[in-house]
Amino acid sequence: MRLELQEECMDFPFLEGGGEMGALTRSFNWSSTTLGSPNEWPDILKSTLSNLLVSRFPMFLWWGNDLIQFYNDAYRPSLGQNGKHPISLGQKGEICWQEIWHVIKPLIDQVLQKGESTWSEDQLIPISRNGKMEDVYWTFSYSPIKEKLGIPVGVLVTCIETTAKFLANKSLSVSKNNLRNMILQVPVAMCLFKGPESIVEIANEKMLEFWQKQSHEVVNKPLFEGVPEGKDQGFEEIIRNVYTTGETFSAEVITAMLYRNNKLEKVYMNLVCEAFRGDDGSIT
């Protein structure tokens, strides 16, 4: 077998390299497909495969009327274990992707019939792998491979699986919504500032009542722009110190001059300022 692979590689240098998928592509019996022997393949297929096999970016190729399949080592993990790999190589697209053919065939047709590329970001396309159907998210592009007359004869897929990133972002979004709901519902005055400018991101009804402001007057604005009467009373320094050091500030019966009944009045309060940290531990 080793001598046969070496001899075939010498006959078809465009299939050199490419790791596992390069070896499988070289040893595959292509004469059993409608593509025939590699020495009969058009130059555009040879050059496309030569680039695909050695690329470290996940790439997949459908070729010809039967949409015969090729893919590289970088794409191979997306097929999972004990599933579509390695039988996907040289297989017809419709046979390989029966479970999602109704989703991807219109995209393939768009590329082959109109010569137009597609782009999808964090697209949910469940596939059968690892012995079961899995929800898989992808960012991918389908692009036409054209022969000399400009007619599309293949579809090159450049893609990356984004399942882990999508689920992490979804979890973060849920966490943010939970935080927002908690702040809005607690029975004490509470708000969240973001960044060194202390932009008011969330303020609950109790805090708006305390400031005697409407939401549109303060939310998405720097704190001391929305509540200018709070300036020069030491609160800028308190917030700045918490933001830069992460040290919590806590005080009982602290005073502030705020507007009450259209005039500045002394207001007494208990105050706690705590650092809010992002996933990486940095103060946000």
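Throughout, residue positions are numbered sequentially from 1 according to the sequence presented.
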query: Any idea which heavy atoms bring F140 and C159 closest together, and the distance?
result: CB-CB, 3.5 Å
message: Using the rule that Ile, Leu, Val, Met, Phe, Trp and Tyr join whenever any side-chain heavy atoms are under 4.5 Å apart, tell me whether I44 and M59 fall into a single cluster.
response: yes
- request: Could you give me the CA-CA distance, side-chain angles and deciding distance for V155 and I145, then say whether side-chain contact (heavy atoms from CB on, under 4.5 Å) is met?
  value: CA-CA 6 Å; V155 178; I145 303 298; over 6 Å; no
task: State the CG-CD1 distance between L35 and I68, to the nearest 0.5 angstrom.
output: 5.5 Å
task: Each residue besides Y259 in its hydrophobic cluster should be listed here, by chain and number; the cluster joins Ile, Leu, Val, Met, Phe, Trp and Tyr at side-chain heavy-atom distances under 4.5 Å.
output: M257, L264
- prompt: Does V200 reach the side chain of K194, with side-chain heavy atoms less than 4.5 Å apart?
  reply: no
field: Nearest atoms (heavy-atom pairs only) where D73 meets M21
entry: OD1-N, 2.8 Å
Separation between OG1 of T284 and CD of E201, rounded to the nearest 0.5 Å: 8.0 Å
statement: Contacts of K146 meeting salt bridge (charged side-chain N to carboxylate O under 4.0 Å, His left out) (sequence neighbours excluded), chain-then-number -> none
query: With sequence neighbours excluded, what pairs up with N29 under the side-chain contact (heavy atoms from CB on, under 4.5 Å) test?
result: S31, S32
query: How many angstroms lie between CG in L192 and CG in N204, if you round to the nearest 0.5 Å?
result: 11.5 Å
- prompt: What pair of heavy atoms forms the shortest contact from G115 to P152, and how long is it?
  reply: CA-CG, 3.9 Å
- prompt: Looking at CZ of F70 and CZ of F28, how far apart are the two atoms once the value is rounded to the nearest 0.5 Å?
  reply: 8.5 Å
List the atom pairs, with distances to 0.1 Å, where a side-chain N or O of residues 205-230 and a protein N or O form a donor-acceptor pair under 3.5 Å, not counting sequence neighbours.
unit_1, atom_1, unit_2, atom_2, d
K213, NZ, E229, OE2, 3.4
E217, OE1, Q214, N, 2.6

Test side-chain contact (heavy atoms from CB on, under 4.5 Å) applied to S88 - qualifying residues, sequence neighbours left out: Q69, Y71, L79, K84, Q91, C96
- request: May I have the step-by-step check of side-chain contact (heavy atoms from CB on, under 4.5 Å) for T158 and Y142, ending in yes or no?
  value: CA-CA 7 Å; T158 53; Y142 287 8; over 6 Å; no
Check: R129 side chain, S78 main-chain N or O, donor-acceptor pair, under 3.5 Å: yes
query: How about Y243 and F193: do any of their side-chain heavy atoms sit closer than 4.5 Å?
result: no
task: With rounding to the nearest 0.5 Å, note down the distance linking CD1 in I283 to OG1 in T244.
output: 7.5 Å
query: Roughly how far, to the nearest 0.5 Å, is the OG atom of S143 from the CG atom of L156?
result: 6.0 Å
message: Between L49 and L61, is there a side-chain heavy-atom distance shorter than 4.5 Å?
response: yes
- prompt: Heavy atoms, side chains only, cut-off 4.5 Å: are I125 and Y137 in contact?
  reply: no
Path from V188 to F235 over hydrophobic side-chain contacts below 4.5 Å: no
query: Which heavy atom of E247 sits nearest a heavy atom of V242, and at what distance?
result: O-CG2, 3.3 Å
query: R26 side chain to L15 main-chain N or O, any donor-acceptor pair under 3.5 Å?
result: yes
T139: partners by side-chain contact (heavy atoms from CB on, under 4.5 Å), with sequence neighbours left out: W119, E121, D122, I160, T162
field: Residues clustered with V253, ILVMFWY side-chain links under 4.5 angstrom
entry: Y268
- request: Step through the shown structure and confirm whether more than 12 heavy atoms of other residues, nucleotides or ligands are within 6.0 Å of NZ on K46.
  value: yes
message: Tell me every residue that passes side-chain contact (heavy atoms from CB on, under 4.5 Å) with P126, counting only those two or more places apart in sequence or in another chain.
response: L124, M133, D135
task: Could you state whether W138 and W101 fall into the same hydrophobic cluster, counting links through intermediate Ile, Leu, Val, Met, Phe, Trp or Tyr residues with side-chain heavy atoms under 4.5 angstrom apart?
output: yes
- line: Cluster membership besides I87, Ile/Leu/Val/Met/Phe/Trp/Tyr side chains within less than 4.5 angstrom, sorted by chain and number, is none
- prompt: Under a 4.5 Å side-chain heavy-atom rule over Ile, Leu, Val, Met, Phe, Trp and Tyr, are F57 and F60 clustered together?
  reply: no
task: Could you work out the complete set of other residues in the hydrophobic cluster of I199, with links drawn between I, L, V, M, F, W and Y side chains under 4.5 Å apart?
output: none
- prompt: Hey, are the side chains of E99 and I127 touching, using non-hydrogen atoms and a 4.5 Å cut-off?
  reply: yes
query: Are V153 and W62 grouped together when hydrophobic residues (ILVMFWY) are joined by side-chain heavy atoms under 4.5 angstrom apart?
result: yes
- prompt: Would you say the ring centroid of W63 lies under 6.0 angstrom from that of W41?
  reply: no
message: Going by salt bridge (charged side-chain N to carboxylate O under 4.0 Å, His left out), name the residues that satisfy it together with E116, two or more places apart in sequence or in a different chain.
response: none
- line: Closest heavy-atom pair, P38 versus W30, reported as atoms and distance to 0.1 Å, is CG-CD1, 4.0 Å
query: Do the non-hydrogen side-chain atoms of F14 and E16 ever get within less than 4.5 Å of each other?
result: no
message: With a 6.0 Å cut-off (strictly less than), is the heavy-atom count around CD of E265, excluding the residue itself, greater than 12?
response: yes
query: F249 and side-chain contact (heavy atoms from CB on, under 4.5 Å): which partner among I254, N241, V272?
result: I254
Donor-acceptor contact below 3.5 Å, side chain E20 vs main chain A23: no
- request: For residues S55 and N72, report the shortest heavy-atom separation together with the two atoms involved.
  value: O-ND2, 3.3 Å
Enumerate donor-acceptor pairs with a distance under 3.5 Å from any side-chain N or O in residues 102-114 to protein atoms, sequence neighbours excluded.
unit_1, atom_1, unit_2, atom_2, d
K105, NZ, D109, OD1, 2.6
K105, NZ, D109, OD2, 3.1

- prompt: Is the number of heavy atoms from other residues, nucleotides or ligands within 6.0 Å of CD (E274) greater than 12?
  reply: no
